[in-house]
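Worksheet for the structure shown next.
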Amino acid sequence: MTGIKIDGIQISTKIKLQVKKKIKELKSRGIQPCLATILVGNNLASLTYIKNKHTACKEVGIKTIDHKLPQDVSQNDINNLIEALNKNDKVHGILVQLPLSNTLSKLETISRISPKKDVDGLTPHNLGMLTFGKKTLVACTPSGILEIFDHYNISIQGKNVVVINRTELIGKPLYNLLLSRNATVILCHSFTTDLKKLCKIGDIIITAVGNRQKFILTDYMIKKNAIIIDVAISRQDGKLMGDVDFNKIIKKASYVTPVPGGVGPITVAMLLKNTTIAALL
Ligand code: GUN
């Protein structure tokens with residue numbers, strides 16, 4: 001018996017259809033949703049992510065503004081750009097692609113974004129609201145994972161959910177979202193001792209390590225019928241891969257996301273959804 005391969009393309013198509021409907025409504029009211037992105041430097045992976053985000057925006061009718069800043073941009077200059085975008089009524093969403101260069105402060109930069117335009121749900125205000133169970137703009141990957149659970153009618157109440165990632169983009173918002181659905185969340189990271197033992201008690205495992213030299217999740221590490229969500233993307237021999245040993249895991253798990261075609265397209269669709277929410281705000 002094998003588990004179900006989660007269809008990220010199908011879920012993202014469904015979300016994009018809803019977004020297109022909302023955009024039609026917005027346009028009929030004279031509002032053209034617009035997302036401004038800021039990319040510092042020329043990290044190849046980040047360039048690809050940004051390009052994909054712009055393409056997806058165009059597909060559903062969201063206007064985009066592309067700011068590419070040099071690696072050595074000063075904190076002052078990026079702050080000023082964000083302030084200008086905050087003030088621009090025609091811009092509804094602002095996304096600063098991470099990671100930033102070492103000379104910039106992530107906290108100082110992100111904090112500048114108006115919470116109403118924070119389509120990544122990364123500002124201290126929006127992350128703080130999430131801890132109170134108030135969801136306005138929520139990080140795209142974590143909210144996309146909830147879309148997966150809803151699409152497949154998976155209840156997470158009372159389940160042990162092991163999350164392997166503690167970033168502001170993934171682990172921290174996920175922790176609060178899962179908690180708000182009454183899951184028992186075990187948040188793991190690079191200092192976690194005996195990760196394998198913790199994985200074994202996971203009814204659901206959400207993994208986002210992205211380094212297959214350090215970590216691969218395989219069949220003997222999971223409980224039978226566990227649900228496995230693979231958020232990671234790394235390149236191996238020119239091939240996109242996640243954290244999961246897919247061919248082995250699918251024989252033991254009840255559901256597994258593939259890479260590519262799993263969480264990735266849903267994350268992009270959630271960015272489009274957040275941009276329309278921001279346009280409504
Ligand atoms: N870097 C990798 N993924 C993301 C994302 O979803 N948002 C931002 N801002 N940076 C990223």
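None of the values given here were measured: they were computed from a predicted structure. Order of appearance sets the numbers: ligands from 1, and atoms from 1 within every ligand.
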Between His54 and Thr37, do the side chains contain an N or O donor and an N or O acceptor separated by less than 3.5 Å?
yes
Is Arg212 salt-bridged to Asp243, cutoff N-O under 4.0 Å?
no
So what's ligand 1 close to, N/O to N/O, under 3.5 Å?
unit_1: ligand 1; atom_1: 1 (N); unit_2: Gln97; atom_2: NE2; d: 3.1
unit_1: ligand 1; atom_1: 1 (N); unit_2: Leu98; atom_2: O; d: 2.8
unit_1: ligand 1; atom_1: 7 (N); unit_2: Asp120; atom_2: OD1; d: 3.3
unit_1: ligand 1; atom_1: 7 (N); unit_2: Asp120; atom_2: OD2; d: 3.2
unit_1: ligand 1; atom_1: 9 (N); unit_2: Val96; atom_2: O; d: 2.8
unit_1: ligand 1; atom_1: 9 (N); unit_2: Asp120; atom_2: OD2; d: 2.5
unit_1: ligand 1; atom_1: 10 (N); unit_2: Leu98; atom_2: N; d: 3.0

salt_bridge(Glu168, Lys106) N-O dist < 4.0 Å:
yes
Lys273/Glu147 salt bridge by N-O under 4.0 Å criterion:
yes
Return the set of residues passing side-chain contact (heavy atoms from CB on, under 4.5 Å) with Thr131 (not counting sequence neighbours), or none when no residue passes.
Asn176
Looking at Lys196 and Asp194, is there a salt bridge between them, counting it only when a charged N and a carboxylate O are closer than 4.0 Å?
no
